[in-house]
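Below: the structure, in structure tokens.
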Protein chains: 2
Amino acid sequence: MANPIPISDAEWQVMHVVWRDHPVESQQVVDQLAEANGWSAATVKTMLHRLVKKQVLDFDRDGKRYLYRPVVRRSDCIRQESRSFVDRVFGGAAAPALMHLVKNSKLTDEELAELRQLLDRKEGKS
Amino acid sequence: MANPIPISDAEWQVMHVVWRDHPVESQQVVDQLAEANGWSAATVKTMLHRLVKKQVLDFDRDGKRYLYRPVVRRSDCIRQESRSFVDRVFGGAAAPALMHLVKNSKLTDEELAELRQLLDRKEGKS
DNA sequence: TGACATCGATTACACATGTAATCTATCTTG
DNA sequence: CAAGATAGATTACATGTGTAATCGATGTCA
């Protein structure tokens with residue numbers, strides 16, 4: 001809890017890679033993101049640096065390289081970001097947010113089924 | 001379309017009021033938001049000014065006052081912000097975003113029912 | 001009509017963010 | 001061991017954002 005650390009757009013991209021591949025060295029992150037986003041290697045390094053400073057990442061040394069790893073859990077960041085989104089755009093009301101997303105997304109029948117299951121499991125829990 | 005106008009957190013607050021109450025004069029917006037957010041009147045004025053500059057709001061004159069009104073539709077802004085959220089946090093995958101929100105929100109049985117209906121209506125549309 | 005109250009415009013300023021270039025320390029390799 | 005490659009650290013800089021104070025124009029009220 002108490003996790004009001006803001007993670008920017010570009011930083012999220014980096015975090016996705018670290019959560020997926022940690023421990024990672026910067027070069028791997030560069031490989032994953034630089035070209036795809038039109039970023040220079042330096043830009044990715046800056047992100048890593050800032051994320052360490054924010055204590056969202058930490059690293060272990062491996063010779064002169066760093067091996068980065070997450071300090072905060074992906075799920076916690078997602079929770080925080082989702083809450084912030086629902087607050088900002090829907091004044092905190094989750095239902096309208098869900099309605100909107102359902103209406104505006106393409107979902108496979110499998111995904112629809114899975115969602116229905118989730119809804120069923122929540123029934124009566126209010 | 002072509003709406004990459006960024007609306008900040010604080011600006012969203014202002015927009016909610018304008019969408020709801022337009023035409024509004026700045027004082028009304030101040031009344032709605034200043035105290036509640038610990039903002040000074042000047043801060044709210046700045047927001048209005050910036051939103052006009054971004055062409056998200058416009059106004060008609062009423063004597064020396066302005067009557068603000070939205071230029072962009074709420075639904076368009078919501079769509080854009082939702083897409084940006086899903087992209088940033090879930091790499092563009094709507095289903096996981098929905099799963100997460102369902103799992104982490106309290107929803108009344110009515111809301112659950114409404115959501116189920118929406119899902120049913122989407123079935124087979126993929 | 002003149003002083004005051006208000007309104008919007010302009011200016012301010014620190015911090016965040018996107019986007020790097022450059023510097024410096026450290027490997028590596030001949 | 002020396003020179004080059006490379007990693008991270010430091011510095012840079014424009015723009016966005018939160019948060020206002022102040023300024024100048026304009027209504028209003030006595």
Spacing of B:Glu11 atom CD relative to D:dG18 atom P, expressed in whole Å = 6 Å
Atom NZ of A:Lys53 and atom C1' of D:dT10: how far apart are they, to the nearest Å?
-> 11 Å
For A:Arg88 and D:dG18, what is the distance between atoms CZ and C1' respectively, to the nearest whole Å?
-> 15 Å
Would you kindly confirm whether A:Met47 and A:Leu67 end up in one hydrophobic cluster when ILVMFWY residues are joined by side chain heavy atoms under 4.5 Å apart?
-> no
Rounded to the nearest Å, what distance is computed from the CD atom of residue A:Glu25 to the C1' atom of nucleotide C:dC27?
-> 13 Å
Measure the distance from CG on B:Asp9 to C1' on D:dG16 and round it to the nearest whole Å.
-> 13 Å
One should read off an interatomic distance between B:Ser8 OG and B:Met15 CE, to the nearest 0.5 angstrom, of 11.0 Å
Length of the CZ-P vector between A:Arg61 and D:dG8, whole Å = 10 Å
From C:dG8, C:dT17, D:dT17, nucleotide with atom closest to B:Lys45 side chain = C:dG8
Parallel, tilted or perpendicular: which fits the ring planes of A:Trp19 and A:His16, with parallel below 30° and perpendicular above 60°?
-> perpendicular
Classify the nucleic acid contact of A:Lys54 as base, sugar-phosphate or nothing, counting any heavy atom under 4.0 Å across all strands shown.
-> sugar-phosphate
Assign a letter to each nucleotide of nucleotides 19-30 of chain D from its 5' end: B, base within under 4.0 Å of a protein heavy atom; S, sugar-phosphate only; -, no contact.
-> BBB----BS---
Could you tell me how the ring of B:Tyr68 sits relative to the ring of B:Phe59: parallel (under 30°), tilted (30 to 60°) or perpendicular (over 60°)?
-> perpendicular
B:Glu11/B:Arg50 ion pair, N-O < 4.0 Å | no
Integer-rounded Å distance: C:dT19 C1' and A:His49 NE2 = 15 Å
Hey, is the main chain of B:Gln80 close enough, under 3.5 Å, to the side chain of B:Ser84 for a donor-acceptor pair?
-> no
So which nucleotide from D:dG18, C:dT17, C:dA9 ends up closest to the side chain of A:Pro6?
-> C:dT17
